[in-house]
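Index from 1, following the sequence. All values below come from the heavy atoms of this structure, side chains included, with hydrogens, waters and symmetry mates left out. Read the numbers this way: they start at 1 and go in the same order the structure lists the ligands and their atoms.
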Amino acid sequence: MCGIVGAVSERDVHGILLEGLRRLEYRGYDSAGMAVRQSNGEINRAREVGKVSALADYVEQNPCKGPLGIAHTRWATHGEPSQLNAHPHMSGDRLAIVHNGIIENYQELRQALIAEGYEFTSQTDTEVVAHLIEKEYRVAGNVLQAVRAAIAQLRGAYALAVLHADEPDHLVVCREGSPLVIGVGIGEHFIASDQLALLPVTDRFMFLEEGDLADIRRDGVSIWDRSGAPVERGVTRFEHGMDSADKGEFRHYMLKEIYEQPKVIKATMEGRVTDSRVLEQALGTGAADLLANVRHVQIIACGTSYHAGMVARYWIEELAGIACSVEVASEYRYRKHVIQPDTLFLCISQSGETADTLAALRQAKQAGFRAALAICNVPGSSLVRESDLVIMTHAGPEIGVASTKAFTTQLVSLLIFTLALARHNGLSEAREADIVAALRQLPGQIDDALALDGKIAELSKAFMDKNHSLFLGRGAMYPVAMEGALKLKEISYIHAEAYPAGELKHGPLALVDSEMPVVTVAPNNELLEKLKSNLEEVRARGGELFVFADGDAELQEQPGIHVLQIPAVHAITAPIVYTLPLQLLSYHVAVLKGTDVDQPRNLAKSVTVE
Ligand code: G6P
């Protein structure tokens, strides 16, 4: 989704802006641009459709240099991807802005501004904001007051950065519903929608709160809260290693991130489990009190994180004996719900900035839920800051749009949470010890699953010329099948649908023929025999089966049935291990098809608009 970078310095900042945009590429975008105040006092603006490299090539030929600048990657919402719609937007030739988010009342503002003589060159909601600030500037005489007056008239979600050619020593920024961080340098300051963008220049950040307005100068930063009162926002250091956002020896970020899973799963367990127990206090002060009285869990998430929640529901109901509901945030937030007493509201999000998930959380807080727990991968994100209790997944920055290591570390965190919750609800010490032992075996088992990479690459060839596929699973393996199908459709653009295997004969069986590969995850659990009957149903219709199965499952390779043996795993942790071959399968299919694996078309990593 859209990305913002900005800098106020003594040195030329165009290289910092370009590198920042490159680091935001993973979020998904369709055009890029920058505006820099040059030493002659003019603003030079460059905008290109397509990749940041196209913008870099352009500014190589048409220098865009100066010590004050803003830049942007755009993911189209209002108006097609085009140079005219790309940011920065300007009002006249003295004021430039970049914007993330959506202005809901832009049509009425646009009409009013047109009536006053402003001319629009784009279809965007952002240009409305540029002219509105310009209009207020005429009254206020300075940018800070102009922005303050303009945002009072906006409805919607936004992070804005504004520069004015007549005020060369600062940027004015604000946030309402879209993330914005300030990077603290020495004698210079930066801003970005994501701290990753600024890692080459600083590791110290201030996070703006909702409603904050800030004045960013070389030598300092002033911040005001929504009420206009001056506030301090603490400086925090970036936690992950600087190089973790590099591709290293891997061809794609996605592959690198798949291979990082043994390491990050270990990191996510560190300090949270002993040999035989979950350390409840490691889940945060107050965790014990909070978990003791939970009678119902409501999980909210989107995309891959939603699938993690679906798996957790099986665990929570089986191990803790507590009712659990799971819903995608965009549905949950727009319907009436019945809230059970003592319900824990649990949001799962890699980025912690997904607009629908945050909106659902804010609604839940107003509705009076017992407490809000977040499972999240980005320290300092809005979700982390707004939740009562947080379990951080230590996956490190995830760059590939298709989520991999964030998903498995979410699952590990959810299982740790489930064990802590279950202990208050009669889970025996022996059962807890058994599952903790299974958790501790995960890094090794995932290494074993990764060793199947070559065989999976071979299998993937069978998908090259297919247009559709089915993914089947039962029990907690059903959401794993859903995640496998999501991965395949996201990056290879093959239509993939997941079904609980028992539902096959209620519809999808009608689709099965030799052109419809059927992928199945079959660990050796109590549902295996039932699953085998479902596989027979597919074979009888000529469907080609790709089965990821336990060695003990006694499924034999034969014409039309490809069996890949997965090392034996505990039934509870099986969803985590069985995710790996499905990630690798979709990766290899996408590579064979030549798609943009890390930045699939039309998708964004961090969906900060509704
Ligand atoms: C986008 C991403 C997915 C992600 C989903 C939810 O669709 O492409 O990978 O699962 O958003 O994001 P979150 O950051 O809330 O987990």
Side-chain angles (χ1 to χ4, degrees), residues 1-3 24-29 75 77 100 177-179 193-196 252-254 257-258 299-312 326-333 345-362 372-387 390-393 395-411 413-414 479-480 482-493 498 579 582-583 586-587 590 595-610:
M1 206 126 281
C2 304
L24 293 178
E25 286 191 293
Y26 76 95
R27 292 164 68 103
Y29 69 104
W75 190 78
T77 56
N100 283 1
S178 287
S193 47
D194 180 330
Q195 49 191 338
L196 284 181
H252 295 102
Y253 281 111
M254 183 183 179
E257 289 160 5
I258 289 174
I299 299 181
I300 293 296
C302 302
T304 290
S305 300
Y306 168 67
H307 295 154
M310 295 270 293
V311 174
V326 192
E327 193 165 347
V328 287
S330 53
E331 282 300 311
Y332 183 86
R333 63 181 287 197
F345 197 80
L346 167 49
C347 292
I348 309 169
S349 171
Q350 187 284 127
S351 62
E353 300 294 353
T354 302
D356 283 322
T357 307
L358 286 174
L361 168 67
R362 288 168 190 156
L373 166 69
I375 294 196
C376 188
N377 193 41
V378 178
S381 60
S382 304
L383 182 64
V384 166
R385 284 183 282 119
E386 294 180 30
S387 299
V390 177
I391 304 178
M392 293 307 300
T393 50
E398 191 180 62
I399 308 293
V401 165
S403 184
T404 52
K405 61 176 180 170
F407 179 65
T408 47
T409 53
Q410 283 168 348
L411 289 179
S413 307
L414 284 160
V480 172
M482 292 171 81
E483 175 58 12
L486 177 64
K487 285 290 85 87
L488 190 69
K489 76 178 84 143
E490 275 179 316
I491 59 171
S492 75
Y493 315 148
T579 295
L582 300 188
Q583 294 172 343
S586 59
Y587 173 77
T595 58
D596 191 344
V597 173
D598 287 329
Q599 291 167 38
R601 67 184 183 203
N602 306 341
L603 298 182
K605 180 75 186 159
S606 183
V607 182
T608 49
V609 296
E610 212 183 297

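Atoms of ligand 1 found under 4.0 Å from any heavy atom of Ser349 (numbered from 1 in listed order, with element): 13 (P), 14 (O), 15 (O), 16 (O). In summary, the atoms of ligand 1 found under 4.0 Å from a heavy atom of Val401, numbered by their order in the structure, are 8 (O), 9 (O). The distance from ligand 1 to the heavy atoms of Ser305 drops below 4.0 Å at these ligand atoms: 10 (O), 13 (P), 16 (O). Residue Thr304 has at least one heavy-atom neighbour below 4.0 Å for each of these atoms of ligand 1: 10 (O). Close approach of ligand 1 to Ser403 is summarised as follows: ligand atoms under 4.0 Å from at least one heavy atom of the residue are 9 (O).
Distance CD1/Ile258 to OG1/Thr404: 5.5 Å, rounded to 0.5 Å.
Checked against a 3.5 angstrom limit, the closest N/O atoms of Ser351 and ligand 1 fall inside it. In terms of polar-atom proximity, defined here as any N/O pair under 3.5 Å, Gln350 does make such a contact with ligand 1.
Paired with Lys605 under the rule side-chain contact (heavy atoms from CB on, under 4.5 Å), one option of Glu353, Gln350, Gln599, Glu25 passes, and it is Gln350.
For Ala604, every heavy-atom contact with ligand 1 shorter than 4.0 Å involves the backbone, none the side chain.
Judged purely by distance below 3.5 Å, without hydrogens or angles, the side chains of Glu483 and Thr579 never pair a donor atom with an acceptor atom.
Ring centroid separation for the pair Tyr332 and Phe345 comes in under the 6.0 Å cut-off.
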Stepwise side-chain hydrogen bond (donor to acceptor under 3.5 Å, both in side chains) check, Thr304 with Lys487: CA-CA 9 Å; Thr304 290; Lys487 285 290 85 87; 3.2 Å; yes
Salt bridge (Lys or Arg N to Asp or Glu O under 4.0 Å) between Glu386 and Arg362, worked out: CA-CA 8 Å; Glu386 294 180 30; Arg362 288 168 190 156; 2.8 Å; yes
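Salt-bridge check for Arg601 with Asp596: failed, with every basic side-chain N at 4.0 Å or more from each acidic carboxylate O.
Here the closest heavy-atom approach between residue Ile348 and residue Ala301 is recorded as O-CB, 3.3 Å.
Ranked by closest heavy atom to atom 11 (O) of ligand 1, the top entry among Lys605, Glu398, Glu490 is Lys605.
Counting protein heavy atoms only, atom 5 (C) of ligand 1 is closest to Cys302 O, 4.0 Å. Here the heavy atom of the protein found nearest to atom 12 (O) of ligand 1 is Thr354 OG1, 3.3 Å.
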